[in-house]
Asks: 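One structure, pasted below without further comment.
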Amino acid sequence: MAKIRILSNKKAAKLRNFDSPKKRRVKMPWVDVEDSPRSKRKQGKRPSLNGLHKTPNRFSAPNGPSSPSKSNGSVDGPTKPGKSSSLQEQRRALPIALGREKLIAKIRQNDVIVLLGETGSGKTTQVPQYILESGIAGTRMVAVTQPRRVAATSLAARVAAEQNVKVGAAVGYSVRFDERSGPDTRIKYLTDGMIVRELLSDPLLSRYSVIIVDEAHERTLRTDLLLASLKGIQKYRSQPSDAKGKGRASLLNPLKIVVMSATLDAEKFSKFFDNAPIEYIQGRQHPVQIFHSAESQSDYLAAALRVFFQVHTDQGPGDVLIFLPGQDDIESLEKSIRLYANKLPHKSMEVVICPMYAAQAAGQNSKVFNAAPPNTRKCILATNIAETSITIPGVKYVIDTGKCKEKQYLARETGGGFDTLLTKDITKSSANQRAGRAGREGSGVCFRLYTEAAYNNMAVSADPEIRRCSLTSSVLQLKCLGQDFQELDFMDKPDYDSVVSAYKSLWLFGALNNSKELTPTGRQMAAFPLDPCYARIVLASKEYNCAPEIVEIVSVLSASSKLFVDVSDQRDSAAELRRKFRHPTGDHLTILGVVKAYQEIALAENKAGRREWCRKHFLNERALLEARDIRDQLKQTCARFGISFDEGVRADNNNDDAVLKALAHGLVQNSALLQPDGVTYKQTMGHTTVKIHPSSALSDRKHPAIIFNELVYTNQVYARGVSSIPKSFFLSIPTLNQRHS
DNA sequence: GAGCACTGC
């Protein structure tokens, strides 16, 4: 069966035309593809092609070239200086250089300014240097925060080169696992998570005289937390010394804040900082011509397929980037494009399809970064990964479905909440960012598979993370600063239920006592760079004497990449190979088994051998390596609290019970009991009925009681990362009845 | 019977 997606109007399942005031008609030489035998349609899922052949697509004319404005995590400005060309010349040629003196004056006069700069304006590399060169920073440091690590490190490298110093000297960076800064460092690029960590040990950020918050429009939870804290810190540091009976504040320079953002929501930042002045910096992005669909598309996959071949057959050279919401759409579109590409006349250009999403195995997407061979067009099918984190060379055409998947935390008054992961319409800011991907190297074209009216109706930017995430970790961090989350002045108020559910979780962990005060346990938990529930598990492992095992497991769970890679066409053989790692109690001990096996291989094999072993077993080595770094970091924190690693991970499995008991301590809220139907489970705390996710080692078995890492609602509520525990374990865990002093 | 993207002294 062909897969038909109905989005809005069932009757509109027939594909509509693209219409244009300019009557821009495009011929579709591939119309005969519709004549492919029906039998072939059965092979694999792919979009409905209803009406595909009937009328040519037409796009409405753009409102002239557009220069999308959201900047991305990569280095602003030219990034490949010729060996001999002068970096200083390049600096002077940047759009921002013209306004240098004015900008310096503005920053000198104001405690806060909001800086709007388009991609390519050079704001992220130049403003810190201007501040330093003008002497505004005094003797302290300039911090530049970034949401992503790669951005922080590559920006530092660029600016160090411009200053003609080594990274770690006058210009440095600080990201997790990697710090390059020293006593001489004056400009420091760091992740927003890192500066929030610094806040915990230095609540006034006394090492800095200027904080530049870059990419503020992304509104990560940590950026919002930082902005809220900065407001208070700034007030405190500008007080006269006797105002609060403490002299300490006056010893510090007043703090200057520069908020850098995309153009769309600058007013909001300005208002938040008492109407701080807004400065605008012209960008230098190549023009991107934008076409909107004349009518809304009920089937974005079919529409994307049509438009791709339209571009492929009618337009000049240049790679095509198609934005899709998720892996299944990518795989399905890949099959369709492959099928129809084979039916093109021989003289046409070849098509190389590059799927791109985060769960891919290492190296699976390497061809995307190589230039396409002669007479070949790359077609990149990507999720949001290509929107900000990865820049793909050669892209001239963007096809934007207007959809993405977004995680949203649904807090409940009882029993904790769960995440939803649903396909949603993108935002204006995201749409502009996607279009901008066509103009990285030259002028480009973006085809939007939605109407101009739909674009105008989009939200300006995504709901800030503070309204979409669990707040448990942030509430705990603020508690360590002696602050209560709900008393802080945030740009957007968090959802009340989320705050309540965060406090409740922390109380259940014993991190807060009955008076909502931080306990010693809570302070210890906050010291771990972990989700609070995992931090609780690590602390519990001391009691049960299984810290080595727990830390291995928690490290893998905390790694950003998934341990098991998914190659959907080899799903069966992958499952077969994984069976030998499968532990009867479930996913947690299965992970431990994989880590142990990898460590044995690591002793016996060289780098290539290890990589081959991972590939053969469908394991993501990147996840294992990242987990190793996390483990080493966690061991250091453990050492501070007397958690011992002397015995190491036991070779036999007779510590399994202890491991499961420790896990249960952090996952109290994530537990469920088998229902009489023998398929679904009911939360022990809360009323949600859940199923075990099919990727779990336990999915095809029945267990009276389970604990799990997370609940995600996609088309059902699934428990992921599941282990079976004896019901009696619940008795040993702190529950609602237990009081904390 | 199925997985948007980031991040942490």
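By convention in this document, chain letters (A, B, ...) are assigned in the order of the sequence lines, proteins followed by strands, and residues within each chain are numbered from 1.
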Asks: With a 4.0 Å cut-off on heavy atoms, is A:L421 in touch with a base, just the backbone sugar-phosphate, or nothing at all?
Replies: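 Base contact - A:L421 has a heavy atom under 4.0 Å of at least one base atom.
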
Asks: By salt bridge (Lys or Arg N to Asp or Glu O under 4.0 Å), which residues pair with A:E710, not counting sequence neighbours?
Replies: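 Scan of A:E710 (salt bridge (Lys or Arg N to Asp or Glu O under 4.0 Å), adjacent residues dropped) gives A:K407, A:R720.
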
Asks: Closer than 4.0 Å, any side-chain N/O of A:R197 to the OP1 or OP2 of B:dC9?
Replies: yes

Asks: Taking the side chain of A:P694 as heavy atoms from C-beta outward, which of B:dG1, B:dC9, B:dG3 is closest to it?
Replies: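 Nearest nucleotide to the side chain: B:dG1.
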
Asks: Distance-only check: which donor-acceptor pairs under 3.5 Å involve side-chain atoms of residues 473-480 of chain A, not counting sequence neighbours?
Replies:
residue, atom, partner, partner atom, Å
A:K479, NZ, A:D484, OD1, 3.0
A:K479, NZ, A:D484, OD2, 3.3
A:K479, NZ, A:K516, O, 2.8

Asks: Residues in salt bridge (Lys or Arg N to Asp or Glu O under 4.0 Å) with A:R467, at least two apart?
Replies: none

Asks: Applying a 4.0 Å non-hydrogen cut-off, can you work out what A:S473 is touching in the nucleic acid: base, sugar-phosphate, or nothing?
Replies: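 Base, at least one base heavy atom under 4.0 Å.
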
Asks: According to a 3.5 Å limit on both distances, what stems of 3 or more consecutive Watson-Crick or G-U pairs are formed with DNA chain B?
Replies: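 If one scans DNA chain B for consecutive Watson-Crick or G-U pairs, no stem of 3 or more turns up.
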
Asks: Under 4.0 Å between a side-chain N or O of A:Y718 and OP1 or OP2 of B:dA2?
Replies: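 Answer yes for this pair, as a side-chain N or O of A:Y718 is under 4.0 Å from OP1 or OP2.
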
Asks: May I ask you to evaluate whether A:S560 reaches the phosphate of B:dC6, defined as a side-chain N or O under 4.0 Å from OP1 or OP2?
Replies: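 It does not, given that no N or O in the side chain of A:S560 lies less than 4.0 Å from OP1 or OP2 of B:dC6.
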
Asks: Using a 4.0 Å heavy-atom cut-off, does A:S695 contact any base of the nucleic acid, only the sugar-phosphate backbone, or nothing at all?
Replies: base

Asks: NA contact type, A:T191, heavy-atom cut-off 4.0 Å: base, sugar-phosphate, or nothing?
Replies: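 Sugar-phosphate contact only - A:T191 comes under 4.0 Å of backbone atoms but never of a base.
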
Asks: Please name all residues satisfying side-chain contact (heavy atoms from CB on, under 4.5 Å) with A:S724, sequence neighbours left out, ordered by chain then number.
Replies: A:L698, A:H703

Asks: Less than 4.0 angstrom between a side-chain N/O of A:Q636 and OP1 or OP2 of B:dC9, yes or no?
Replies: no

Asks: Working note: A:R434 + A:D400, criterion salt bridge (charged side-chain N to carboxylate O under 4.0 Å, His left out); need CA distance, chi angles, decisive distance, verdict.
Replies: CA-CA 7 Å; A:R434 288 179 174 191; A:D400 176 14; 2.7 Å; yes

Asks: Can A:D629 and A:R176 be counted as an ion pair, charged N to O under 4.0 angstrom?
Replies: no

Asks: Would you kindly give the CG-to-C1' distance between A:L481 and B:dC9, to the nearest whole Å?
Replies: 13 Å

Asks: Which of these nucleotides, B:dA5, B:dG8, B:dG3, is closest to any side-chain atom of A:T714?
Replies: B:dG3

Asks: Of all residues at least two apart in sequence or in a different chain, which pass the salt bridge (Lys or Arg N to Asp or Glu O under 4.0 Å) check with A:R207?
Replies: A:E198

Asks: Should A:R148 be listed as having a side-chain N or O under 4.0 Å from OP1 or OP2 of B:dA5?
Replies: no

Asks: May I ask you to say what A:L221 touches in the nucleic acid, namely base, sugar-phosphate or nothing, with a heavy-atom cut-off under 4.0 Å?
Replies: nothing

Asks: Please tell me which of A:K691 and A:S558 maps to the more 5' nucleotide of DNA chain B, matching each residue to the nucleotide holding its nearest heavy atom.
Replies: A:K691

